[in-house]
Asks: 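First the structure, then my questions, so here it is.
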There are 2 protein chains.
Amino acid sequence: MTERVVPPAARRRRRPTKQGVVLSEELIVATALRLIEEHGADALSVRRLGRALGADPSSLYRYFRHTDDLMLAIADELIGRTLRTWNPTGDWRADLRELGLRMHAGALAHPRAAVLSSYRVTGRVHEIEAVEAILGVLRGAGFPDAEAVRIYHAFVDQTLAFGALDSASTALPGPARAAEASVWRATYARLPAGTHPNIAATARHLVADMPRSSYPAALELLLEAAEARLTACQRRPVAE
Amino acid sequence: MTERVVPPAARRRRRPTKQGVVLSEELIVATALRLIEEHGADALSVRRLGRALGADPSSLYRYFRHTDDLMLAIADELIGRTLRTWNPTGDWRADLRELGLRMHAGALAHPRAAVLSSYRVTGRVHEIEAVEAILGVLRGAGFPDAEAVRIYHAFVDQTLAFGALDSASTALPGPARAAEASVWRATYARLPAGTHPNIAATARHLVADMPRSSYPAALELLLEAAEARLTACQRRPVAE
DNA sequence: CTCAACAGGTCAACGCTGTTGTCATAAGGT
DNA sequence: ACCTTATGACAACAGCGTTGACCTGTTGAG
């Protein structure tokens, strides 16, 4: 088969579909995001997307080689949107905290897309910008290269992983979600101290803490550990 | 439609399939796990599972209402297996590290089940046992109750989140997964220092580090931060 | 020892999915 | 104004989860 997809730069003939829509990579991604948000992750299929766009499903294969390509484009768009609203101040810890919380919030704002795209490495422009920026913050703070990459990796994966996890629970169908929320009060808080001493002793804290996301706390722990390593590095510098 | 699924307790007539197999919930779950292990996550479909069992696909609907039900049964089995092989030694840091790595490995071994079950609070026996055990480790180490719950929450969510994240990437269809692995070498490592100085400077480390899971590193960071907090608490005890 | 009830296996069909080979046509460069 | 070809449309394929209807072997009661 001859290559079906034409690189965006080479596209010139903007021929409308039967229903009068002029397709483009941007329009397709935007429509996909809208579909996901409005009707759930399951609503995203090539056929439904085609219908929503007013085009034949097979037309999309002129823009994306397969559905996976489309997912990567969606993921990159999400990264771009988040990055655009972030302006670092120079304080590495504050900057990373801010970016982490922003990415997490961004994921929660598009739960279904976040779940689908969190685990992809896109290699696209927005992602590259993000990598460059975060590495810049860490190296600027004085982390040696190897350590900077290690912290970067843990930071990014932690943020994406929690984003997907928390998105997944907010995306649960209504009743199931309510049931989950009450388990801590209804089940755990009632366990007798005799059989479950540790749960019983901390029940109050569990009920208060567990229904909320632990991402902020986990992020803080990561930043604390990173700072400790930084001072350790600076006290006794390592050869790279 | 009258209810198709009969509760396991009520099952009595063990009628063999045409190919002579006697079905059961246990056999179905075991076969599903075997399928996933032997032929990858994509190999698990109702039809393939039926074929592997020597039964008509629709027979499975006598045991599970839908595929999700089956996935949850598989997940429950996994939790059980993981807990059963963990025996704490008394060293809180080593014990948490061991449990975290075990849970993560368990998730990776059965990616599909992990992705589906990571964000659910079941409130079932195995889960309760795990909560009690982890809280016991932390409180035994000397963490005050509130801090113990905070650490527990971050620890568990981080483990589940990374388990799901890493599972999701291993569950990618073959070609997509290979593509991801090569992005760091093919795209990132080739960016010029002029436009992307930080990526260029750390390219070597990125290529080496990024294709691997960052969970072990993230876990270590969490444990380090926890230890720091513990010594801080012990130096200046807080009123609870 | 017989026999009716019914649990549980089977069959066929529905509508959905991603994907591709082929064809038609209008846009753009010349 | 023409010719090329980019790009949209169509039809078809195999595979998916799921369900309603049907058939049959097992079972416990009489």
Side-chain angles (χ1 to χ4, degrees), chain A residues 1-25 27-28 31-32 35-36 39-72 74 116, chain B residues 1-28 31-32 35 39-72 74 112 116 172-176:
Chain A
M1 189 191 70
T2 102
E3 187 48 73
R4 212 157 191 158
V5 176
V6 171
R11 290 190 174 274
R12 335 181 79 128
R13 308 197 179 174
R14 321 277 43 208
R15 177 183 180 179
T17 71
K18 261 194 169 175
Q19 304 187 31
V21 185
V22 174
L23 294 180
S24 71
E25 201 173 308
L27 179 62
I28 295 176
T31 306
L35 256 189
I36 293 176
H39 302 100
D42 294 345
L44 187 63
S45 76
V46 178
R47 300 175 118 93
R48 260 200 274 256
L49 182 51
R51 221 178 299 138
L53 280 162
D56 189 89
S58 66
S59 299
L60 305 185
Y61 286 85
R62 301 276 181 208
Y63 295 83
F64 302 96
R65 281 209 292 283
H66 29 247
T67 355
D68 212 61
D69 259 25
L70 174 60
M71 288 313 310
L72 291 184
I74 293 174
L116 286 181
Chain B
M1 191 191 67
T2 101
E3 187 48 75
R4 209 156 194 156
V5 177
V6 171
R11 289 189 176 273
R12 335 181 79 127
R13 310 199 177 173
R14 321 279 42 212
R15 175 184 181 179
T17 71
K18 262 192 169 176
Q19 304 187 30
V21 185
V22 175
L23 294 179
S24 71
E25 201 173 308
E26 294 76 26
L27 179 63
I28 295 175
T31 306
L35 258 187
H39 302 99
D42 294 345
L44 187 62
S45 76
V46 178
R47 299 175 120 93
R48 263 200 271 255
L49 183 52
R51 223 177 297 139
L53 280 162
D56 190 271
S58 65
S59 299
L60 305 185
Y61 287 85
R62 301 273 183 211
Y63 295 82
F64 302 96
R65 281 210 291 283
H66 32 247
T67 2
D68 242 42
D69 258 24
L70 174 60
M71 294 310 306
L72 286 183
I74 293 173
R112 294 256 291 222
L116 275 182
L172 281 175

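Chain identifiers are assigned alphabetically (A, B, ...) following the order of the sequence lines, protein sequences preceding nucleic acid strands; residue numbering begins at 1 within each chain.
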Asks: What bend angle does the helix from C:dC1-D:dG30 to C:dT30-D:dA1 show across its length, from five-pair end axes and to the nearest 10 degrees?
Replies: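 Between the axes fitted at each end of the helix from C:dC1-D:dG30 to C:dT30-D:dA1 lies an angle of 10°.
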Asks: Which heavy atom of B:V46 sits nearest a heavy atom of B:P57, and at what distance?
Replies: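 That closest heavy-atom pairing would be CG1-O, 3.7 Å.
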Asks: Any side-chain heavy atom of A:M71 within less than 4.5 Å of one from A:L44?
Replies: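 In contact.
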Asks: To the nearest Å, give me how far apart CE (A:M71) and C1' (C:dT19) are.
Replies: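 The answer, rounded to whole Å, is 18 Å.
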Asks: Can you identify which nucleotide, out of C:dT10, D:dG8, D:dA9, has its nearest atom closest to the A:K18 side chain?
Replies: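 Of the candidates, D:dA9 comes closest.
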Asks: Let me know the distance between CG of A:L60 and P of D:dT7, rounded to the nearest Å.
Replies: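 My rounded result for the distance is 14 Å.
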Asks: Using a 6.0 Å cut-off, check whether atom NE2 of B:H39 has over 12 heavy atoms from anything other than its own residue.
Replies: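 Atom NE2 in B:H39 is not packed in, count stays at 12 or less.
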Asks: Which residues satisfy the side chain to side chain donor-acceptor pair (under 3.5 Å) test with A:D69, sequence neighbours excluded?
Replies: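 Applying side chain to side chain donor-acceptor pair (under 3.5 Å) to A:D69 gives none.
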Asks: For B:A55 versus B:L23, what's the shortest heavy-atom pair and its separation?
Replies: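 Taking B:A55 first and B:L23 second, the nearest heavy atoms are CB-CD1, 4.1 Å.
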Asks: Looking only at the side chain of A:A55 (C-beta and beyond, no hydrogens), which of the listed nucleotides D:dG8, C:dG18, D:dA9 gets closest?
Replies: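 Of all the options, the side chain of A:A55 is nearest to D:dA9.
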Asks: For nucleotides 11-16 of chain D, tabulate all protein N/O to nucleotide N/O atom pairs closer than 3.5 Å, reporting atom names and distance.
Replies:
| unit_1 | atom_1 | unit_2 | atom_2 | d |
| --- | --- | --- | --- | --- |
| D:dC16 | OP1 | B:S45 | OG | 3.2 |

Asks: Using every non-hydrogen atom in the two residues, find where A:E25 and A:Y63 come nearest and quote the distance to one decimal.
Replies: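 Taking every non-hydrogen atom into account, N-CD2, 3.9 Å.
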Asks: Any idea which heavy atoms bring B:A43 and B:R48 closest together, and the distance?
Replies: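 Heavy atoms only, the tightest pair is O-NE, 3.1 Å.
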Asks: Do any side-chain nitrogens or oxygens of B:Y63 fall under 4.0 Å of OP1 or OP2 in C:dG9?
Replies: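 Yes, within the criterion.
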Asks: D:dA9 phosphate, OP1 or OP2: any side-chain N/O from A:S59 under 4.0 angstrom?
Replies: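 For D:dA9, OP1/OP2 do have a side-chain N/O of A:S59 under 4.0 Å.
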Asks: Side chain of B:R62 only, heavy atoms from C-beta on: which candidate in D:dG17, D:dA21, D:dT7 is closest?
Replies: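 Closest nucleotide among those given: D:dA21.
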Asks: B:D69 CG to D:dT18 C1': how many Å, rounded?
Replies: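 In whole Å, D:dT18 C1' lies 13 Å from B:D69 CG.
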Asks: For B:L53, which of B:T17, B:L60, B:L35 qualifies under side-chain contact (heavy atoms from CB on, under 4.5 Å)?
Replies: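 It is B:L60; the other options fail the test.
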Asks: Decide yes or no for A:L72 and A:F64: does some side-chain heavy atom of the first lie under 4.5 Å from some side-chain heavy atom of the second?
Replies: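 Not touching, per the 4.5 Å side-chain cut-off.
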Asks: Select one nucleotide: of D:dG17, C:dG9, C:dG18, the one nearest the side-chain heavy atoms of B:T17.
Replies: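 Nearest nucleotide to the side chain: C:dG9.
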Asks: Of the nucleotides C:dT10, D:dT26, D:dT18, which one has an atom closest to the side chain of B:P16?
Replies: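 Closest nucleotide among those given: D:dT26.
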